[in-house]
Every structure is written in C-alpha cells, then in structure tokens.
There are 2 protein chains.
Amino acid sequence: MSDLQTPVSLLIADDHQMIIDGIKSMLSGERHFVVNGEANNGEDAWSRIAADPGRCQVLLTDISMPLMSGTELCRKVKEQYPHIKVLFLSMYNSTAVVKEAVLAEADGYILKNTGKDELLSALHRISQDGTYFSQEIVPLLYRQYHKEQQQSAETAQLSAREKEVLALIVKECTSEEIAQKLFISKKTVDTHRAHLLEKSKARSTVGLVRFAIKNGLAEW
Amino acid sequence: MSDLQTPVSLLIADDHQMIIDGIKSMLSGERHFVVNGEANNGEDAWSRIAADPGRCQVLLTDISMPLMSGTELCRKVKEQYPHIKVLFLSMYNSTAVVKEAVLAEADGYILKNTGKDELLSALHRISQDGTYFSQEIVPLLYRQYHKEQQQSAETAQLSAREKEVLALIVKECTSEEIAQKLFISKKTVDTHRAHLLEKSKARSTVGLVRFAIKNGLAEW
DNA sequence: GGTAAAATCAGTATAAATACCGACAGGATT
DNA sequence: AATCCTGTCGGTATTTATACTGATTTTACC
C-alpha cells in the first residue's frame with residue numbers, strides 16, 4: 001500500500017480543532033504519514049473526499065460531529081470509495097457506539113484518551129490493510145459477538161420507531177405530545193416507552209436520556 | 001516572568017491522553033514553553049503540583065476530569081499557590097461552566113475546538129500576567145456580568161443543596177430515594193425540584209438532566 | 001437588628017409515567 | 001404453516017412528578 005517514498009495521506013475530521021492540530025503536530029515528524037486535509041464536520045469531510053477521492057487514503061474521524069456523524073460518513077465513504085480506510089477517534093467506549101462503528105465497516109477504533117504511540121500503531125496497521133481496535137474496546141466486541149442473538153442484550157438494539165420515540169423523549173416531549181407528532185395513540189407511545197425501559201435497563205425516563213446520550217441516539 | 005533563556009513550564013491535566021500528546025507536539029517547536037508534567041485527573045495534577053510547586057508556572061487543565069474537576073483543582077491551586085497561572089481547556093461554552101471557571105479565579109479559558117495559534121496566544125498572554133478568554137465566550141461573560149443580579153438568569157445559579165438534588169436526579173433516583181439519602185422529607189425534595197425547574201426553565205425531569213449535562217453539574 | 005435567601009416541611013390536586021394485563025395486523029424468516 | 005418481531009391499541013392500577021399555597025427555621029449579609 002505504501003513505501004517510504006510515498007507517504008500515506010490522511011484526512012482528519014473532528015469538530016475540535018485542537019484534536020486536529022494535535023494530531024498534525026504529532027505526525028509532523030513522521031515521514032510515513034502526511035495530513036493533507038481536515039474538516040470540522042461530517043459533511044465537510046464528505047465534500048473533500050468526493051472532490052478528490054485519490055487524495056485521501058486513511059480517514060481519521062470523530063464519531064459525534066455536527067451536520068453528519070462519523071458513522072454516517074464512514075458508511076458513505078465505504079460505499080462509494082471502499083479503498084479508503086477509516087479509523088474512528090472516539091470519546092466513548094460504550095458497546096452500542098462501537099457496534100455502530102463496526103457495522104459501518106470501520107477499519108479501526110481508538111479512544112481519545114490514548115496517546116501518540118497507539119495512534120501511530122493504529123495508522124501503521126490500518127494503512128497495511130489491517131485493522132486496529134483499542135485494547136479497551138476489544139472485550140466489548142467479543143461480548144457483542146457472542147451475545148448477538150440473545151435478547152439479553154445489555155446494549156439493546158432499538159427498532160427505528162423506538163429510536164424515533166426516544167429522540168422525542170430527550171427533547172422534553174410528553175407521551176401525549178409524542179403521540180400527536182407521530183400520529184399514533186398515546187398508548188402506543190407508552191408501549192414503546194416500556195420496551196425502551198426494558199432494552200436500556202433504565203429505571204425511568206432519566207435513564208432513557210442517559211442511555212440516549214451514551215449511545216449517541218439523540219441530537220445534542 | 002520569563003525571558004528567552006528560561007522557558008515557561010507547563011503542567012497539563014486532561015483525561016484524554018490525545019489532547020495532552022497533541023499539546024506537547026504543538027509546543028515541541030516552541031522555546032518559550034516547556035511541558036514538564038502531565039496528569040490524567042485532578043487529584044494526580046494536584047499531587048504533582050504539591051510535590052514541587054516551583055516546577056509549574058502555568059497549569060493547563062480540562063474542566064471535567066475524574067476524581068477532581070478542573071474547577072476544584074483551580075480553586076485549590078489558587079488558594080495555595082497563587083503564583084501559578086491556570087488556563088482552562090473546555091469542550092463547553094455554556095455560561096454556567098464559564099462562570100464557574102471565572103469564580104475559581106481562572107486566568108484563561110479556551111475551547112478545545114480552537115487551534116494551535118490561539119493556544120499559543122493564550123499561553124503568551126497568561127504567562128505575561130495577563131488573561132485570555134476565547135472570543136466565543138466573551139459575550140457570555142459580558143452577559144453574565146450585566147444580568148448577574150436579575151432573577152431572569154437564563155443560566156441560573158443553583159444553591160449547593162439544589163445541585164446536590166440535581167446530581168441525584170441525574171443518577172435516576174426518585175424523590176423518595178433522594179429524600180432518604182439526604183435525610184430530608186420528600187416534600188422538601190419536591191420543593192427543590194420545583195426551584196430547579198424554574199431556574200433551569202425546564203419542562204420536566206428530562207429538561208433537568210439536559211441542563212445538568214450542559215452545565216457540567218453532574219458526573220457522567 | 002432587619003432583610004433576604006436558603007432550606008426545611010405540609011396539604012391538596014392534577015398530570016405524567018410506569019407496571020401489569022391482553023389483543024391484532026403485517027412482514028420477515030424458517 | 002408456524003414463528004418471531006414490530007408496530008399498533010385498550011383497560012386498569014399504582015407510582016412519580018408537577019403545580020399550587022403557605023409556613024418555619026437557619027444562615028448570611030448589610
């Protein structure tokens with residue numbers, strides 16, 4: 001994929017400029033990698049890739065970003081330009097988020113609280129057609145893999161409708177209001193709430209909100 | 001405070017190692033500043049400062065960290081070692097968080113989505129006995145200053161007890177449970193809740209949770 | 001020593017959420 | 001054909017939260 005003469009080109013997408021600048025500084029001494037693009041949101045990143053797909057070999061992206069999330073960005077990239085490798089940079093190590101990333105066909109996933117060395121390891125592995133997942137999240141993947149078809153699901157896979165209801169709950173809507181907005185009965189909303197409580201193992205609406213936040217299921 | 005011969009020594013506290021490494025990389029070319037200490041939580045940072053107060057001239061710290069928050073760390077530092085400058089690095093630009101920082105006698109406050117240039121400007125200003133607050137948060141400070149004594153207070157200043165109750169609400173406790181934990185009547189908890197709803201302008205408990213998150217009033 | 005805010009508690013009433021029960025239609029899967 | 005999941009509703013009952021009004025004590029501050 002790359003030799004010493006032609007470094008691997010990177011595109012960094014993160015809404016925190018400090019992270020971008022930090023990574024650029026870290027890699028400034030590296031001859032194997034060169035950052036030749038940056039974006040502060042998913043849509044911007046997508047435009048840059050679409051404008052010149054050959055310019056970017058590895059996409060280093062945050063999960064939660066404005067306009068377009070990292071996972072959505074990843075999906076689009078993998079669909080259109082499967083040659084581009086995607087490495088996620090995330091704050092969260094929750095099972096659901098990791099699972100989302102894997103389903104989006106990510107090549108790697110590292111946490112922001114890891115250091116320079118691990119970043120370089122990840123980039124090396126990924127640019128050589130490998131994958132790299134932080135040590136902290138490997139157990140999550142393992143557990144996920146082995147419990148996938150059990151309904152125990154501490155992670156819970158919510159249906160589309162349930163996610164819709166949850167998003168409105170987080171927006172401070174009452175069941176009545178949600179019913180009106182979705183053109184369904186309040187009773188149906190209650191049923192969805194009950195299922196959400198089960199799947200998220202929450203005790204109350206507050207728990208649902210926490211669940212939504214941790215799993216990136218609501219706009220913030 | 002410093003000349004070209006003796007660079008300004010920095011201590012960085014952030015639970016995201018990547019931020020620390022990023023800043024170190026950014027400053028590696030700078031002769032004016034030298035990072036000679038790092039910590040991943042507030043307590044660790046405090047230990048390092050207490051161990052050798054002369055080693056650190058500027059403390060660069062995150063707001064939300066495990067064990068001890070950045071604001072608490074700042075308070076202790078300013079109380080014991082007022083010569084140490086404190087620059088906050090934060091994800092949030094909410095009025096309440098900024099106010100907390102200012103009340104803790106911070107010398108500066110910059111957002112993580114700002115870049116290398118602004119970081120250097122901030123460090124220069126602060127190390128020369130000045131202050132530096134990100135452009136984005138200046139309006140917040142201004143507004144805060146002028147609306148301080150009005151009860152309109154879109155930010156709301158919660159009492160210690162109210163914060164205590166709010167923290168438990170976010171932890172999925174019911175009013176009953178909160179009452180038991182704080183050894184007060186459920187009725188009193190209800191009163192606190194009512195005041196919290198007023199001050200936060202929330203419609204329900206969900207709104208309180210959002211408020212707590214946005215203002216960094218609950219552990220996450 | 002007065003004033004203001006905070007913290008405490010009570011009563012009453014309504015609104016909202018949760019816990020159960022049961023049901024049925026449609027779609028996908030086996 | 002049988003099964004499972006999703007989405008859709010209804011009834012009933014209980015628990016929790018919210019909206020009022022009003023009150024006392026403590027604390028802090030001027």
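What you see is a predicted model; the values in this text were computed from it and never measured. Below, all heavy atoms of this structure are taken into account, side chains as well, without hydrogens, waters or symmetry copies. Here is the naming used below: chain letters follow the sequence lines, and residue numbers restart at 1 for every chain.
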side-chain N/O [X] vs [N] OP1/OP2, d < 4.0 Å:
X	N	value
B/Thr205	D/dT18	yes
A/Ser204	C/dA17	no
B/Thr188	C/dA7	no
A/Ser175	C/dA17	yes

Rounded distance (Å) that lies between atom [atom2] of [N] and atom [atom1] of [X]:
X	N	atom1	atom2	result
B/His195	D/dC20	NE2	P	13 Å
A/Leu182	D/dG7	CG	C1'	12 Å
B/Arg203	D/dA19	CZ	C1'	15 Å
A/Glu162	D/dT6	CD	P	7 Å
A/Lys187	D/dT8	NZ	P	15 Å
A/Arg161	C/dG27	CZ	C1'	16 Å
B/Glu198	C/dA6	CD	C1'	14 Å
A/Ile169	C/dA16	CD1	P	14 Å

Selected nucleotide, minimal atom distance to [X] side chain, candidates [options]:
X	options	result
A/Thr191	D/dC9, D/dG7, C/dG11	D/dC9
B/Ser185	C/dT18, D/dG7, C/dA10	C/dA10
A/His192	D/dA19, D/dT8, C/dT18	D/dT8
B/Ile184	D/dT8, C/dA16, C/dC9	C/dC9
A/Arg193	C/dA7, D/dT16, C/dT18	C/dT18
A/Asp190	C/dT18, C/dA6, D/dT18	C/dT18

B/Glu118 and A/Gln17: side-chain donor and acceptor closer than 3.5 Å?
->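 There is no such pair (donor and acceptor under 3.5 Å, judged by atom type) between the side chains of B/Glu118 and A/Gln17.
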
Those residues that, when tested against B/Glu177, pass side chain to side chain donor-acceptor pair (under 3.5 Å) (two or more places apart) =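 Per chain and number, B/Glu177 pairs via side chain to side chain donor-acceptor pair (under 3.5 Å) with A/Arg203.
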
For the base of D/dT15, is there a side-chain donor-acceptor partner from B/Lys186 under 3.5 Å away?
->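 Counting by modelled atom types and ignoring angles, no donor-acceptor contact under 3.5 Å is found here.
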
Please assess A/Ser175 against A/Arg193 for the test side-chain hydrogen bond (donor to acceptor under 3.5 Å, both in side chains), listing each intermediate value before the final yes or no.
-> CA-CA 9 Å; A/Ser175 297; A/Arg193 289 187 91 118; 2.8 Å; yes

Salt-bridge contact B/Asp52-B/Arg48 (side-chain N to carboxylate O under 4.0 Å) |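 Answer for the salt bridge query: no.
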
Do B/His124 and B/Phe33 have ring centroids that are under 6.0 Å from one another?
->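 Yes: the rings meet the under 6.0 Å criterion.
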
